[in-house]
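The chain is numbered in sequence order, starting from 1.
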Amino acid sequence: MDLNRRTFIRKSCLACASIAGIGVLSTLVQSCSPLVSLKVMPEQGFIQVPLSHFTETNKLVLLKNYEALDFDIAVVQLEGNQYKAFQMQCTHVANNPLVATKNGFFCNTHGSAFGFDGQVTNSPAKRPLREYPLEVTSEIIKIKI
């Protein structure tokens with residue numbers, strides 16, 4: 001195989017671009033990991049979430065709305081074994097649900113945003129999200145509703 005300088009440079013650049021593209025693509029695929037969403041029924045005023053749903057790449061579990069809840073509940077792993085559970089309702093205007101984003105929670109109605117700690121990061125909302133009391137055991141998170 002006889003390669004001239006131009007062909008060699010073209011093939012080398014193509015190989016480097018392919019390798020770089022694979023790295024970028026794998027990062028994008030990892031960042032698009034699906035949101036864990038559970039439909040759970042409360043028992044005796046509590047909802048239980050297995051800790052196994054939280055991983056290195058997944059720090060958020062969404063408990064889907066059903067008849068007993070007015071809004072979804074987001075369970076967030078903050079640091080280590082610290083978890084919080086929030087009602088997915090904007091505190092600016094009643095009856096506005098929030099959506100989970102990679103940076104926290106967002107209200108599509110007026111643009112309020114909240115961090116994963118429940119605090120307001122973008123107004124017009126002034127109050128933090130409603131937080132549910134919870135307790136963590138070795139295998140589950142028990143949320144009082």
Side-chain angles (χ1 to χ4, degrees), residues 6-145:
R6 181 173 292 179
T7 304
F8 173 78
I9 290 172
R10 186 181 315 132
K11 287 187 178 188
S12 296
C13 288
L14 213 92
C16 287
S18 297
I19 291 169
I22 290 171
V24 169
L25 185 60
S26 70
T27 302
L28 287 173
V29 168
Q30 287 175 356
S31 69
C32 293
S33 59
L35 176 66
V36 175
S37 177
L38 303 175
K39 195 160 190 161
V40 294
M41 293 295 290
E43 294 178 19
Q44 299 174 346
F46 289 92
I47 295 175
Q48 295 187 23
V49 180
L51 285 174
S52 60
H53 289 296
F54 295 90
T55 65
E56 284 297 315
T57 57
N58 184 56
K59 305 291 184 192
L60 173 68
V61 172
L62 195 60
L63 306 178
K64 295 305 286 177
N65 189 353
Y66 62 97
E67 304 83 46
L69 295 174
D70 292 328
F71 291 90
D72 295 343
I73 296 174
V75 184
V76 180
Q77 181 180 15
L78 297 175
E79 290 183 21
N81 205 27
Q82 185 182 5
Y83 297 86
K84 292 196 177 231
F86 300 107
Q87 181 168 293
M88 296 285 286
Q89 178 186 21
C90 185
T91 59
H92 173 237
V93 176
N95 297 324
N96 288 333
L98 299 174
V99 293
T101 70
K102 66 179 182 175
N103 299 319
F105 308 106
F106 182 75
C107 178
N108 287 321
T109 306
H110 298 113
S112 293
F114 304 84
F116 287 121
D117 60 357
Q119 297 301 309
V120 176
T121 58
N122 192 48
S123 54
K126 304 263 186 264
R127 293 176 286 120
L129 296 177
R130 175 182 174 204
E131 186 174 344
Y132 290 94
L134 58 80
E135 60 183 75
V136 181
T137 68
S138 62
E139 296 180 9
I140 62 164
I141 299 170
K142 193 173 176 182
I143 303 164
K144 182 172 178 27
I145 58 166

Nearest heavy atoms of S112 and A125, plus distance in Å: OG-N, 2.9 Å
Residue list, salt bridge (charged side-chain N to carboxylate O under 4.0 Å, His left out) with E135, at least two apart or on another chain: none
Close side-chain approach of I73 to I145, heavy-atom, < 4.5 Å: yes
Y83 side chain reached by V49 side chain, heavy atoms, under 4.5 Å: no
Can you list, pair by pair, the side-chain donor-acceptor contacts under 3.5 Å of residues 95-105, counting residues two or more places apart and other chains?
from	atom 1	to	atom 2	distance (Å)
N96	OD1	T109	OG1	3.3
T101	OG1	N103	N	3.2
T101	OG1	G104	N	3.2
T101	OG1	G104	O	3.2

K64 side chain reached by L62 side chain, heavy atoms, under 4.5 Å: yes
Distance, nearest 0.5 Å, that separates CG of L63 from NE2 of H53: 9.0 Å
T91 side, atom OG1; L129 side, atom CG - distance, nearest 0.5 Å: 6.0 Å
Heavy-atom pair of closest approach, residues F54 and V76: CE2-C, 4.4 Å
Set of side-chain contact (heavy atoms from CB on, under 4.5 Å) partners for Q44, sequence neighbours left out: none
Qualifying residues under side-chain contact (heavy atoms from CB on, under 4.5 Å), relative to P128, sequence neighbours excluded: Q119
L78 and K84, any side-chain heavy atoms less than 4.5 Å apart: yes
Nearest-0.5 Å distance, CD1 of residue I140 to CG of residue L134: 11.0 Å
Close side-chain approach of F114 and F86, heavy atoms under 4.5 Å: no
Set of residues satisfying side-chain contact (heavy atoms from CB on, under 4.5 Å) with respect to T121, sequence neighbours excluded: A113
Side chain to side chain donor-acceptor pair (under 3.5 Å) partners of Q87, counting only residues at least two apart: Q89, R130, Y132
Value rounded to 0.5 Å, distance of NZ in K144 from CD1 in I47: 11.5 Å
Over 12 non-hydrogen atoms of neighbours within 6.0 angstrom of CD in Q82: yes
